[in-house]
There are 2 protein chains.
Amino acid sequence: MTKQDPVLAPSGRRPTILDVAAACGVSPATVSNVLAEKRHISAETRALVLAKVQELKYVASATARGLRMNRTWSIGVVVGDIANPFSPEVVGGVEEALWERKNNLILCNTGFRSERKIAYIQSLIDKHVDGLILVTQTLTVKEASAFDIKRLPPLVTINRVSEAIPSDHVTVDNEQGVTDLMNHLFALGHKRIAFVKGLTSSTSAAARHKAYRAAMKHQGLLVDHELTIQGDYTIESGAIAGRRLVEMSSPPTAIVAANDMMAIGVLGALRDKGISVPEDVSVAGFDDVSISSHPLINLTTIEQPKYETGTTAARLLLERIEGGPAEPPRVVMLTANLKIRGTTGRARPATRRKLIPQ
Amino acid sequence: MTKQDPVLAPSGRRPTILDVAAACGVSPATVSNVLAEKRHISAETRALVLAKVQELKYVASATARGLRMNRTWSIGVVVGDIANPFSPEVVGGVEEALWERKNNLILCNTGFRSERKIAYIQSLIDKHVDGLILVTQTLTVKEASAFDIKRLPPLVTINRVSEAIPSDHVTVDNEQGVTDLMNHLFALGHKRIAFVKGLTSSTSAAARHKAYRAAMKHQGLLVDHELTIQGDYTIESGAIAGRRLVEMSSPPTAIVAANDMMAIGVLGALRDKGISVPEDVSVAGFDDVSISSHPLINLTTIEQPKYETGTTAARLLLERIEGGPAEPPRVVMLTANLKIRGTTGRARPATRRKLIPQ
DNA sequence: TTGTAGGCGTTATCAA
DNA sequence: TTGATAACGCCTACAA
């Protein structure tokens, strides 16, 4: 004889709305309405239903509800590299905002591989996510052609405008940030300032580079193309750039990297070469990743409000999902804050170094 | 006529299996079978169906399929703090392994808040995830009582054994790692070694602390309780611990932290106080977070293979999901690797410091 | 205030 | 080798 628990549904099987309805002697519709608080239900039945729901630990199946309502309360978040300190901070913000609205976050890590990005987005479409957030990623026209654009859910991009598809966009004021930083360096007497670029495909990287050149010109300085080095936002690329720069016959007195990770890479390379920062060279980054404020790094940088970037993107997306497509694409540009720390200082007279044999 | 914006006005209705069936003049069952490769279909119809599928860009709705098959191909991953550098590396590993098996990752960030953990797990149950991975988190008996345990999907815990529920478990050999590190310090002449503990609730933190005490005893050294400081795995708690330790009347010659973030906090505090590492004090951590190997940090630590921890956990989980609950819980213990870097050196003679006035 | 019934898009079972 | 049909669990017109 099997011992039946009168309260719990048969082991493992979760109770359905029918079980609750039966237990209460009402119709499933009533149970649904009690839970959805859609139409008025007599206090009596309401109480009964709620009691039974609790007793049976009934929770509606999100799958069934999703099928019926054509919603999943899930948002796909596509990042290039979750291990890059920038990503988790943004993702943390997205997560928080989604949590507040009872949505879930499906994390997709592309490793910046195009095919994987496409495959992931396709699978997100299959899963019927309600929306998509692209973190420092975009959809090229070519990539977008891989699937039926009409079936893409609402989209928000972070730090990189979407090429193929109009979408809401959250970014930081790159131009202002870099300009502030450059002025800080000019004030310190720097004239020979190098720039480590980010990926060319990145809108924000491009904007930062552009602002650098504009600031140089505005200051009446020549932009030496030798002093612009291509990086890819990784710490390693920063280290390589750093080595190259200090080995030059007439090296820069300051190095600006398009993000903190590269700046930190530069710092590492300089340390390995025994070059003092900021006495010999000044270094600065962009983002203000959490480790940058550590006393041992102490990097002068431009803060991008990463967490806020994430929450903002999520909220724009949820509004769009609820509100419908009526409004035109929105762009939110958060302010960049210059954080002056220990890696920038007065420029060493440019001539001195030349006398030192390589 | 309104110009339709493809993304902002999304949801061109996606074709269903019925559309494909109709277009081919076959039954939906046949389409399903072609796609699932379940039963034999004549080459002719097969080709026809596949062609139409391509033409219509038909993809089965994961929601409908999930409802029918009682599977979602989604795994919930619950982390305490996604911004802690440890998390993204593990999550990256999980993500990769899930990707290989075409599963998705639903990320839940609890901020170590119990109610949020409960609410998240409940929502994951609602969503019918096929499995759950708890990263440096556990379910206490009390927490587990919040929902019907029978309805919990298969579970894998990382770095913290599950109290309430039997589950597969992936961790690192904490004891061996700490023992190796302690022997390294002993060999350098350290006797007065402090320990910064992790959260008491963490199994791995407890194991690391235990191994520290065992090593001290085994070496015939007294464990001075003053030298054990409670931290919480954050960089701030490490900084606080560091300050307290060096302000002691007879400070330690070496400080071991239960994780890298706290060790890095210690380093920051020492730097702020002008104390040289490793000349005045040696410092070591546990995890080998990516920044630890940077030339400016250069932290001696014990590597936990984080990425591999993630992939292993995911694979155990997927096996369990496919294979059923038959087998008993498994434990995988990865080996810990001591990484000797620049923050550990010969012990300064214990007497010297006493002469220097505070 | 409540109940009935249809359908969301699949897959599985049975029948042909 | 293929087709019809019944679920899966829910929400929501429409009816009562």
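Below, read A as the first sequence line, B as the second, and so on, with proteins coming before strands; counting in each chain starts at 1.
An OP1 or OP2 oxygen of dT2(D) is reached within less than 4.0 angstrom by a side-chain nitrogen or oxygen of T45(B). Using a 4.0 Å cut-off, some side-chain N or O of T30(A) falls inside it from OP1 or OP2 of dG3(C). Remark: S42(A) is in phosphate contact with dT2(C), judged by side-chain N or O atoms under 4.0 Å from OP1 or OP2.
Between the side chain of R39(B) and the base of dT2(D) there is at least one donor-acceptor pair of N/O atoms closer than 3.5 Å. Donor-acceptor pairing under 3.5 Å, judged by distance alone, is present between the side chain of R68(B) and the base of dT11(C).
Rounded to an integer number of Å, the gap from L56(A) CG to dG9(D) C1' is 15 Å. Counting to the nearest Å, the P atom of dT11(C) and the CG atom of L18(B) are 11 Å from each other. Atom CG of L67(B) is separated from atom C1' of dA6(D) by 13 Å (rounded to the nearest Å). The nearest whole Å value for the distance from the CD atom in E37(B) to the C1' atom in dA12(C) is 18 Å. Distance CG (L48(A)) to C1' (dT1(C)): 15 Å, rounded to an integer number of Å. Protein atom CG of L35(A) is 10 Å distant from nucleotide atom P of dC10(D), rounded to whole Å. The NE2 atom of H128(B) sits 19 Å away from the P atom of dT10(C) (whole-angstrom rounding). If you measure from atom CZ of R46(B) to atom P of dT1(D), you get 13 Å, rounded to the nearest angstrom.
Counting non-hydrogen atoms under 4.0 angstrom, S32(A) reaches a base of the nucleic acid. Among the protein residues, A60(A) comes within range of the sugar-phosphate backbone only, with heavy atoms under 4.0 Å from sugar or phosphate atoms but none that close to a base.
Residue I17(B) has its side chain nearest to dT10(C) when only dC10(D), dT4(C), dT10(C) are considered. For Y58(A), the listed nucleotide lying nearest its side chain is dC10(D); candidates were dC10(D), dT11(C), dA4(D).
Here the options are I133(B), V129(B), L98(B), I75(B), the test is side-chain contact (heavy atoms from CB on, under 4.5 Å), and the partner is L105(B); only L98(B) passes.
R46(B) places no side-chain N or O within donor-acceptor distance of the main-chain N or O of H40(B), the cut-off being under 3.5 Å. Of the possible donor and acceptor atoms, none in the side chain of K117(A) sits under 3.5 Å from a partner among the backbone N and O of C108(A).
The 5' end of DNA chain C is approached more closely, in terms of each residue's nearest nucleotide, by S27(A) than by the other of P28(B) and S27(A). Each of I41(B) and M69(B) was assigned the nucleotide of DNA chain D with the nearest heavy atom; the assignment lying further toward the 5' end belongs to I41(B).
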For this session: Might you work through the salt bridge (Lys or Arg N to Asp or Glu O under 4.0 Å) test for R71(B) and E322(B), ending with a clear yes or no?
Result: CA-CA 11 Å; R71(B) 281 268 260 135; E322(B) 317 260 284; 3.0 Å; yes
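When side chains are defined from C-beta on, S123(B) does not count as touching K102(A), because their heavy atoms never get closer than 4.5 Å.
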